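On a predicted model such as this, the values are computed, not experimentally measured, just so you know. In what follows, every chain begins at residue 1, and chains take the letters A, B, ... in the order their sequences are listed.
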Amino acid sequence: MNKIKITFPDGNQKEFEQGITGLKIAEGISKGLAKEALAVEVNGEVWDLNRPINQDASFKILKWSDDGGKDAYWHSSAHLMAEAVEVLFPGAKFGIGPAIENGFYYDLDLGDHSLTKEDLQKIEDKMNELASRDVPFVREEKKWEDAVEFFKKKGDQYKLELLDEFKGQTISLYHHGSFTDLCRGPHLPSTGKIKAIKILSVAGAYWRGNEKNKMMQRIYGITFPNKKELDEYLFRLEEAKRRDHRKLGAEMELFLLTPKVGSGLPLWLPKGTIIRESLIQFLKEEQYKRGYQGVVTPHIANLDLYKTSGHYPYYKDSQFPPIQLESGEAFLLKPMNCPHHHMIYSMKPRSYRDLPIRLAEYGTVYRYEQSGEMNGLTRVRGFTQDDAHIYCAHDQLKAEIKATIELTQLVFRTFGMDVKTRLSYRDDKNTEKYGGEAAFWDQAQREIKEVADDIKLDYFIGIGEASFYGPKVDFMVKDALNRTWQLGTVQVDYVMPERFQLEYIGQDGQKHRPVIIHRAPFGSLERFVGILIEHFAGEFPLWLAPTQAAVLPVSDVFLDYAREVFSALKESGIRVELDDRNEKVGYKIRDWETKKVPFMLVVGEKEKNGGLVSVRQHKKGDQGTVKVEEFRERILENIKARSLTI
RNA sequence: GCUGGUGUAGCUCAGUGGUAGAGCAGCGGUUUCGUAAACCGCAGGUCGUCGGUUCAAGUCCGACCACCAGCUCCA
């Protein structure tokens, strides 16, 4: 028998018989490790524990704490679920069933049957039963023709369609119990490793993600090696629901969505407006320091303007239909602010001395989102962009990109938000989606990347995520339910200057084309506030809190003093409310705690005599008494600093 | 847009074909109170909308609207 050399993660090497399995190696190290092992990484590929290793290899044992281990665990769980479905619904056809970030899903075709909650419970019960039988997952390699034969016999057209792509290759199948699936692997050694099972939901999903294809039923589930972890996960899900901005927005009276106004058209209530305006004020100050100039443009514009920009044909489907006048003129509700700003740029000859010109507007735009797409404040049909366009000479471009990325980062830092940054490139295989010359694109993508590397930006690249006129830097954040939303964006545009014939006179006396940067650090104020609500769970930092403090007299007897305190704070611009209701202080405290107001100021005999307030902080309780003046100065300072903590 | 689910008072929810209910919030009164819910009373509804079945519909059927989950899309 030949020997092979195995290299462990710590660099140690050891010889084994050829054909040894990962599990055997693990057992050789320790029993405990063998028990915890879920899969192995062999030369960078994740393999089954039982798969024989036939040549020298680097080797790592994957446990639950490794991503690769979780993948194998959840992927195997998906197979277990498929087995349960096949037992309960004979003749079920299977699509794909991968592991995902949190758990797994499997796409099914059950003919006419729609799965109910009861069905999901039955599937979960059956999975528990099948898992407890602890049967092994067995890998089998077949010739392509034999695999096709197998699934033909089974009548699984989806698997046959998948097989089409692997023509001529060796195909791996996995068996466990009565179930066999087309699968690359890897899998757990046996079903018994799967201990705690929860089927979460069922939803429709198009076969292969194409809306022209049949809609299948997708079952989502998650599993864990023990019940405690499952319970913790389910608890976190509940917590996330408590943070949901739609729920908090209604409870805290921040915004209103009503079909009487229209789907996806939020109304900002007084308290939500305070948050929105605080954000605008913050960004205005930062932009003023950076040489931006404010402009204001109307909500509709001549349709021809959008034909010039090229937006009209490209995005016809996601615009509200034009407003057609009898004269033949047509107007479009503006889907974006750029063309208006280009008009302002081109109103007179521009000199290189004027550049860069930075035009900023909180511009409300309207887009016809598909009816199933609306989602609280994060996906709406009318929203306000913190938009700006920077017109600069080419030799100024990189400095301007850098400055806009840094401004965007300052914004997210101010809120303590964890963002992921994507360089969004065009897809070279699908060029009809994009405008402009290929050379411009290559140049713009190169320039963005150079700046990103210069400032050591932590980014990933998204092919096909560019806008139609240029590549972008996108800033993405996740909401309470783990859905990713794009917030800020910085985009380089060589196309619009051409389309609008934008020019400046250079030092050489000749006409030149400027380059445009489109940028919006918040992206949309609606979406940003939605994400902020969830980010802070409604407990805003003082500078954003709609109500910063409430004055609570202990009884009517101290109303006069309470009014004094209230006025002193109100006159300093602090957002304070007076609770003059005829209620006990315990009741008032409970009420203001549920409203998530940062400070409650209890006043009674003691406070009145000493010119004091008794400070109670949200969630932290009684903080003792201070002079009214001292409290006022302290919180004014905190507000001014836009501090994240109190 | 597609698939599935949901829609009863401001909010959370009960109500399985026979006279629409509870708690909280609101309003009126009593109480004058010290750090998360005092007490008594009152009011509040075209049961999402429209149509159908039935002697009778919140309840059964259909269409539409909105919301929720997911898919597709996203300048």
With P as the reference atom in both, quote the distance from B:rC40 to B:rA22 in angstrom, rounded to an integer. 15 Å

When you compare B:rU19 with B:rC47, how far apart are their P atoms, in angstrom units rounded to a whole number? 15 Å

Which of A:Tyr220, A:Phe94, A:Tyr158 passes ring pair (Phe, Tyr, Trp, His ring centres under 6.0 Å) with A:Tyr106? Answer is A:Phe94

Rounding to a whole Å, what distance do you find between A:Trp592:CH2 and B:rA37:P? 17 Å

Look at the side chain of A:Glu607 against the base of B:rG34 and say whether a donor-acceptor pair falls under 3.5 Å; ignore hydrogens and angles. yes

Interatomic distance at P, B:rC2 relative to B:rU8, whole Å: 24 Å

Check whether any side-chain N or O of A:Gln501 sits under 3.5 Å from a backbone N or O of A:Glu498 as a donor-acceptor pair, and report yes or no. yes

Can you measure A:Asp556 atom CG to B:rU30 atom P for me and round it to whole angstrom units? 12 Å

Interatomic distance at C1', B:rC39 relative to B:rG5, whole Å: 43 Å

Roughly how many Å apart are B:rG26 and B:rC11, using the P atom of each and rounding to a whole number? 15 Å

For B:rG21, the nucleotide meeting Watson-Crick or G-U wobble distances (both under 3.5 Å) is B:rC13

Apply side-chain hydrogen bond (donor to acceptor under 3.5 Å, both in side chains) to residues A:His113 and A:Asp119 and explain how you reach the verdict. CA-CA 10 Å; A:His113 182 76; A:Asp119 291 333; 2.7 Å; yes

Protein proximity profile, nucleotides 66-75 of chain B - base contact B, sugar-phosphate-only contact S, no contact -, cut-off 4.0 Å on heavy atoms: SSSSBBBBBB

Return the nucleotide paired to B:rU35: Watson-Crick means purine N1 to pyrimidine N3 with N6-O4 or O6-N4, wobble means G-U with N1-O2 and O6-N3, both under 3.5 Å. none

Using the ring of each side chain (for Trp, its six-membered ring), is A:Phe528 parallel, tilted or perpendicular to A:Phe522, with breaks at 30° and 60°? tilted

Relative to the ring of A:Tyr494, is the ring of A:Phe440 parallel (under 30°), tilted (30 to 60°) or perpendicular (over 60°)? parallel

Heavy atoms only, 4.0 Å cut-off, all strands: where does A:Lys117 land among base, sugar-phosphate and nothing? nothing

Expressed in angstrom and rounded to an integer, what is the separation of A:Tyr587 atom OH from B:rU30 atom C1'? 16 Å

Nearest whole Å is fine: how far is B:rG4 C1' from A:Leu200 CG? 16 Å

Under 4.0 Å, heavy atoms only, any strand: does A:Glu251 hit a base, just the sugar-phosphate, or nothing? nothing

Can A:Thr625 and A:Ser614 be counted as having a side-chain donor-acceptor contact under 3.5 angstrom? no

Ring-plane angle category for A:His518 and A:His389, please: parallel below 30°, perpendicular beyond 60°, tilted otherwise. perpendicular

A:Lys584 NZ to B:rU35 P, straight-line distance once rounded to whole Å: 10 Å

Closest-nucleotide ordering on RNA chain B, the 5'-leading residue of A:Arg581 and A:Thr625: A:Arg581

Both distances below 3.5 Å, Watson-Crick or wobble geometry, any strand: find the nucleotide opposite B:rA69. B:rU3

Using Watson-Crick or G-U wobble geometry with both distances below 3.5 Å, tell me the partner of B:rA63, or none. B:rU49

Does B:rG26 pair with anything, Watson-Crick or G-U wobble, both distances under 3.5 Å, and if so, with which nucleotide? B:rC42

Considering only the C1' atoms, how many Å lie between B:rG45 and B:rG15, rounded to the nearest integer? 14 Å

What integer distance in Å separates A:Leu256:CG from B:rG10:P? 13 Å

Considering only atom C1', compute the distance from B:rU12 to B:rC64 and round it to an integer number of Å. 28 Å

Rounded interatomic separation in angstrom, taking NZ from A:Lys214 and P from B:rG4: 11 Å

By the 4.0 Å heavy-atom rule, please label A:Gln217 as base, sugar-phosphate, or nothing. nothing

Does A:Arg381 qualify as a cation-pi partner of A:Tyr366, given the criterion of NZ or CZ under 6.0 Å from the six-membered ring centre and within 45 degrees of its axis? no

Taking A:Tyr306 for the side chain and A:Met336 for the main chain, is one N or O donor matched with an acceptor at less than 3.5 Å? yes

Integer angstrom distance from the P of B:rC13 to that of B:rU3: 28 Å

Rounded to whole angstroms, how far apart are NZ on A:Lys608 and C1' on B:rC33? 16 Å

